[in-house]
Novice: 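There's a structure below that I have some questions on.
Everything quoted here is computed from the prediction, not taken from an experiment.
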4 protein chains.
Amino acid sequence: MTKPRTRIQQKNHAVIMAAGLEVFSQYGFRGSTLDQVAEAAGLSKPNLLYYFPSKEAIYQGLLVELLENWLEPLHQLNPNGNPVEELLGYAQRKLAMSRDYPRESRLFATEILQGAPEIKPVLEGELRTLVKEKCKVIEGWIAAGQIRKVDPVHLIFSIWSLTQHYADFDVQVRAIMGERDPFASAAVHLEDLFRQMLTPT
Amino acid sequence: MTKPRTRIQQKNHAVIMAAGLEVFSQYGFRGSTLDQVAEAAGLSKPNLLYYFPSKEAIYQGLLVELLENWLEPLHQLNPNGNPVEELLGYAQRKLAMSRDYPRESRLFATEILQGAPEIKPVLEGELRTLVKEKCKVIEGWIAAGQIRKVDPVHLIFSIWSLTQHYADFDVQVRAIMGERDPFASAAVHLEDLFRQMLTPT
Amino acid sequence: MTKPRTRIQQKNHAVIMAAGLEVFSQYGFRGSTLDQVAEAAGLSKPNLLYYFPSKEAIYQGLLVELLENWLEPLHQLNPNGNPVEELLGYAQRKLAMSRDYPRESRLFATEILQGAPEIKPVLEGELRTLVKEKCKVIEGWIAAGQIRKVDPVHLIFSIWSLTQHYADFDVQVRAIMGERDPFASAAVHLEDLFRQMLTPT
Amino acid sequence: MTKPRTRIQQKNHAVIMAAGLEVFSQYGFRGSTLDQVAEAAGLSKPNLLYYFPSKEAIYQGLLVELLENWLEPLHQLNPNGNPVEELLGYAQRKLAMSRDYPRESRLFATEILQGAPEIKPVLEGELRTLVKEKCKVIEGWIAAGQIRKVDPVHLIFSIWSLTQHYADFDVQVRAIMGERDPFASAAVHLEDLFRQMLTPT
DNA sequence: TATGAATGAGGATTCATTCAT
DNA sequence: AATGAATGAATCCTCATTCAT
């Protein structure tokens with residue numbers, strides 16, 4: 001799929017991505033129909049397939065776009081910053097993404113849950129490399145006594161799971177908490193959790 | 001459907017549940033076909049529908065069975081036990097379930113991700129009640145100074161997310177960690193995390 | 001299908017016939033299922049097929065039984081009776097059958113409507129012969145000036161249609177007439193109609 | 001479903017209605033398959049469902065079309081015409097419809113026989129109202145001494161049953177009458193029957 | 001005589017995709 | 001660039017019938 005050229009192409013490309021996100025994040029790939037995506041996009045079904053060669057191509061396009069944004073916050077982890085604040089900041093940024101882009105989080109979760117058929121290579125390639133790199137940074141901080149001794153990979157997993165939970169399990173969270181906004185109190189809770197865990201004694 | 005009576009019914013009922021778990025946890029409800037379930041069960045498709053009235057009934061049957069087991073560990077949280085050990089024990093039990101019953105965890109995650117169409121009532125009813133009850137217990141422990149001051153609901157969410165992550169995002173975890181068994185080190189990591197967070201200073 | 005021998009065979013044979021009549025008259029042959037018939041008969045489906053070799057055999061058995069009773073009133077038309085009273089009596093007997101055996105009437109109507117696949121030979125054989133015989137009788141009455149000159153075949157059709165209508169189109173009749181019993185007033189109406197039509201001036 | 005717009009839609013819509021009439025009038029709703037209708041229409045099965053959402057929708061569409069035409073002749077009963085001629089004319093028009101549209105008659109009969117699941121509301125609404133209105137007219141004629149005293153509702157039933165019989169029981173009529181055209185002699189017979197019944201002495 | 005278990009042959013409907021314009 | 005029309009390949013489910021006991 002080459003990059004779109006004209007105005008209208010760019011616009012419709014974006015419209016379809018938005019519609020695909022809306023639909024796929026809700027029903028999963030197999031559970032969604034092109035009709036639903038076309039409906040959400042306000043385009044005809046054949047027109048969708050004028051811009052994307054297949055249903056799967058729309059889904060793949062979404063995942064590609066998504067992954068870039070998804071890894072960005074981890075990239076920003078600054079080796080030269082204050083370690084505890086860097087890690088807390090990373091967690092808060094991830095939590096904000098769960099709050100502001102829950103559909104993206106759910107789309108990603110669905111893909112992983114089903115065995116990551118589309119993005120396994122990215123996980124084993126780019127993501128793994130990036131995580132290893134950041135683990136080195138964290139290990140450096142531990143060696144320097146700037147944070148407590150923790151398993152860096154599991155620390156990263158903890159940040160991911162604790163923050164994404166509020167997007168992915170949103171229905172459950174709200175079923176239990178009722179009307180209250182979960183994210184405000186979650187931010188406080190996670191701030192405390194990570195500070196407690198990371199601050200050296 | 002009432003409980004199965006005869007030997008062969010019990011056997012096939014169980015065989016179908018197992019096959020359904022295998023298939024549905026991998027592809028979700030809409031993404032799975034009766035053919036797949038029949039294949040996995042070693043039965044013919046119409047024979048499946050001799051035991052369960054529909055595809056959905058198999059799925060619902062699974063969720064019902066699942067929910068019972070799923071809530072059990074939280075029930076076991078003993079108000080009279082040692083608070084830190086009780087909560088650590090709960091987390092370890094949940095982690096063991098992620099390790100031993102990852103498909104159940106994924107089935108549950110898929111259902112929640114898609115808006116919990118089947119089990120929302122249970123979430124808003126039984127689960128909510130149970131969580132509230134245990135929150136009271138935790139608040140008692142905090143008031144007594146036996147654990148640090150934390151938000152009890154978010155503490156429970158944290159236990160859930162941190163443990164289930166290893167089942168639900170298994171593919172990602174293994175992509176990053178490689179061949180190493182994630183659960184052994186995860187147990188150590190979570191033990192540390194929760195002890196650090198809960199032990200009063 | 002040989003005649004049933006033992007008590008229990010006779011009983012179950014009759015039970016199945018009754019159930020088949022109930023079901024087939026309501027939904028037609030193709031629209032009925034063996035399950036429905038088995039349910040109505042209080043027998044298991046395989047047991048049904050122990051007494052009758054197939055679904056079609058039950059249906060055929062019903063039609064055979066039915067036809068005997070169905071032609072009986074016409075047989076009774078007495079060449080030596082009072083012509084007008086004989087024909088009025090025949091009409092009243094047919095009307096009573098519509099009232100008392102509406103399911104039989106509907107079963108017969110359904111079969112004819114669908115082209116009489118099972119009983120066409122009977123229609124072209126026995127029934128045709130019987131009607132021709134009775135037409136001779138009616139023609140004799142006309143020749144003797146005992147009733148008005150009418151087309152005897154169409155007279156017989158008129159008796160059939162006017163009486164069976166109250167069974168076959170029962171739903172429509174009641175939709176229009178409301179709660180009132182249609183048969184009492186129909187009897188009066190038909191008495192008048194046929195007397196008016198047949199009485200010589 | 002809104003009215004078809006384009007040429008091809010109009011054509012195929014009509015083609016499907018015609019095919020549905022052919023098939024449903026012969027085998028009833030449950031006894032007919034979409035394959036048969038598709039075959040009769042010269043279209044593929046999915047293409048049928050491109051124009052109608054379901055098998056039932058085709059059937060319902062037929063009944064709706066049918067009912068309009070079916071009630072028309074009764075509408076035409078003119079309160080200001082010559083009473084006997086009006087009623088005879090109505091009967092002859094209904095008989096002509098049985099001759100020219102026997103499949104419509106049989107479709108209607110099948111629907112009623114099975115309890116009118118689709119059109120009961122119409123029977124209890126529009127049809128009932130129309131019949132009551134025309135009964136008033138007939139009662140007026142009786143009061144004015146223009147026709148003999150008859151039960152108006154049963155008179156209408158008689159017209160319906162006597163005329164529709166030749167379409168609905170066509171197979172039986174021809175089995176008995178042989179090759180002769182039933183409708184010509186039926187017209188003479190019914191003319192005589194109704195004139196005899198209605199003409200005041 | 002009776003029935004629990006099983007199935008092959010459909011049958012209605014869905015859906016991604018293609019065709020024609 | 002867009003869409004009305006069409007379809008082949010599923011997919012869930014039904015049902016008369018058979019099997020095994």
Novice: Can you measure from CD (Gln26(D)) to CG (Leu107(D)) and round to the nearest 0.5 angstrom?
Specialist: 12.0 Å
Novice: Side chain to side chain donor-acceptor pair (under 3.5 Å) with Ser105(C): which residues, sequence neighbours excluded?
Specialist: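 Ser105(C) satisfies side chain to side chain donor-acceptor pair (under 3.5 Å) with Asp168(C) once adjacent residues are dropped.
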Novice: For the pair made of CD1 in Ile16(C) and P in dT1(E), what is the distance, rounded to whole Å?
Specialist: 12 Å
Novice: Taking 5' to 3' order, which nucleotide of DNA chain F is first and which is last to have an atom within less than 4.0 Å of a heavy atom in chain C?
Specialist: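 Range of nucleotides within reach of chain C: dC15(F) to dT18(F).
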Novice: Can you tell if the side chain of Thr110(B) reaches within under 4.5 Å of the side chain of Tyr27(B), non-hydrogen atoms only?
Specialist: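 With C-beta onward as the side chain, the pair stays apart.
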Novice: Are Glu111(B) and Leu63(B) packed together at the side-chain level, in the sense that at least one heavy-atom pair is separated by less than 4.5 angstrom?
Specialist: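 Counting from C-beta outward, Glu111(B) and Leu63(B) do come under 4.5 Å.
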Novice: Output the rounded distance in Å from CG (Leu49(D)) to C1' (dA12(E)).
Specialist: 7 Å
Novice: Distance check needed: dT7(E) P versus Asn47(B) CG, whole Å only.
Specialist: 5 Å
Novice: How large an angle, rounded to 10°, do the end axes of the helix from dA2(E)-dT21(F) to dT21(E)-dA2(F) enclose when each is built from five base pairs?
Specialist: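 The angle separating the two end axes equals 30°.
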Novice: Would you say the side chain of Arg30(A) lies within less than 4.5 Å of the side chain of Thr33(B), judging by non-hydrogen atoms?
Specialist: yes
Novice: For residues Val37(D) and Leu43(D), determine if any side-chain heavy atom of one lies less than 4.5 Å from a side-chain heavy atom of the other.
Specialist: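 No; the side chains remain at least 4.5 Å from each other.
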Novice: Starting at the 5' end of DNA chain F and moving along, which residue's nearest nucleotide shows up first, Ser44(A) or Lys55(C)?
Specialist: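 Its nearest nucleotide being more 5', the pick is Ser44(A).
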Novice: Pick the nucleotide of DNA chain F nearest each of Asn12(D) and Ser54(B); which residue has the one closer to the 5' end?
Specialist: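 It is Asn12(D), whose closest nucleotide lies nearer the 5' terminus.
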Novice: Between Arg106(C) and Ala167(C), is there a donor-acceptor pair closer than 3.5 Å when you use the side chain of the first and the backbone of the second?
Specialist: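 Yes; at least one donor-acceptor contact below 3.5 Å.
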Novice: How would you list, by chain and number, every residue that makes a side chain to side chain donor-acceptor pair (under 3.5 Å) with Glu118(B), sequence neighbours excluded?
Specialist: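 Per chain and number, Glu118(B) pairs via side chain to side chain donor-acceptor pair (under 3.5 Å) with Gln60(B).
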Novice: May I ask you to say what Ile8(B) touches in the nucleic acid, namely base, sugar-phosphate or nothing, with a heavy-atom cut-off under 4.0 Å?
Specialist: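 Since only primed, P, OP1 and OP2 atoms lie under 4.0 Å of Ile8(B), the category is sugar-phosphate.
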Novice: Can you spot which of Tyr50(B), Tyr51(B), Phe52(B) makes a ring-ring contact (aromatic ring centres under 6.0 Å, His included) with His13(B)?
Specialist: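 The ring-ring contact (aromatic ring centres under 6.0 Å, His included) with His13(B) is passed solely by Phe52(B) among Tyr50(B), Tyr51(B), Phe52(B).
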Novice: Considering heavy-atom distances to DNA chain E, does Pro46(D) or Tyr50(C) have its closest nucleotide positioned more toward the 5' end?
Specialist: Tyr50(C)
Novice: Checking Phe29(A) now: which residues fulfil ring pair (Phe, Tyr, Trp, His ring centres under 6.0 Å) with it, not counting sequence neighbours?
Specialist: Phe24(A), Tyr59(A)
Novice: Would you say a side-chain N or O of Gln9(C) is under 4.0 Å from OP1 or OP2 of dT1(E)?
Specialist: yes
Novice: Which residues within residues 26-41 of chain D lie with some heavy atom under 4.0 Å of an atom in DNA chain F?
Specialist: Arg30(D)
Novice: Rounded to whole Å, how long is the line connecting atom NZ of Lys45(B) with atom C1' of dA9(E)?
Specialist: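 Lys45(B) atom NZ is separated from dA9(E) atom C1' by 12 Å.
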Novice: Just so I know, are the side chains of Leu123(C) and Ile112(C) near enough to count as touching, which here means a heavy-atom distance under 4.5 Å?
Specialist: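 In contact.
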Novice: Quickly work out the Glu56(D) CD to dT13(E) P distance and round it to whole Å.
Specialist: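 Rounded to whole Å, this separation is 8 Å.
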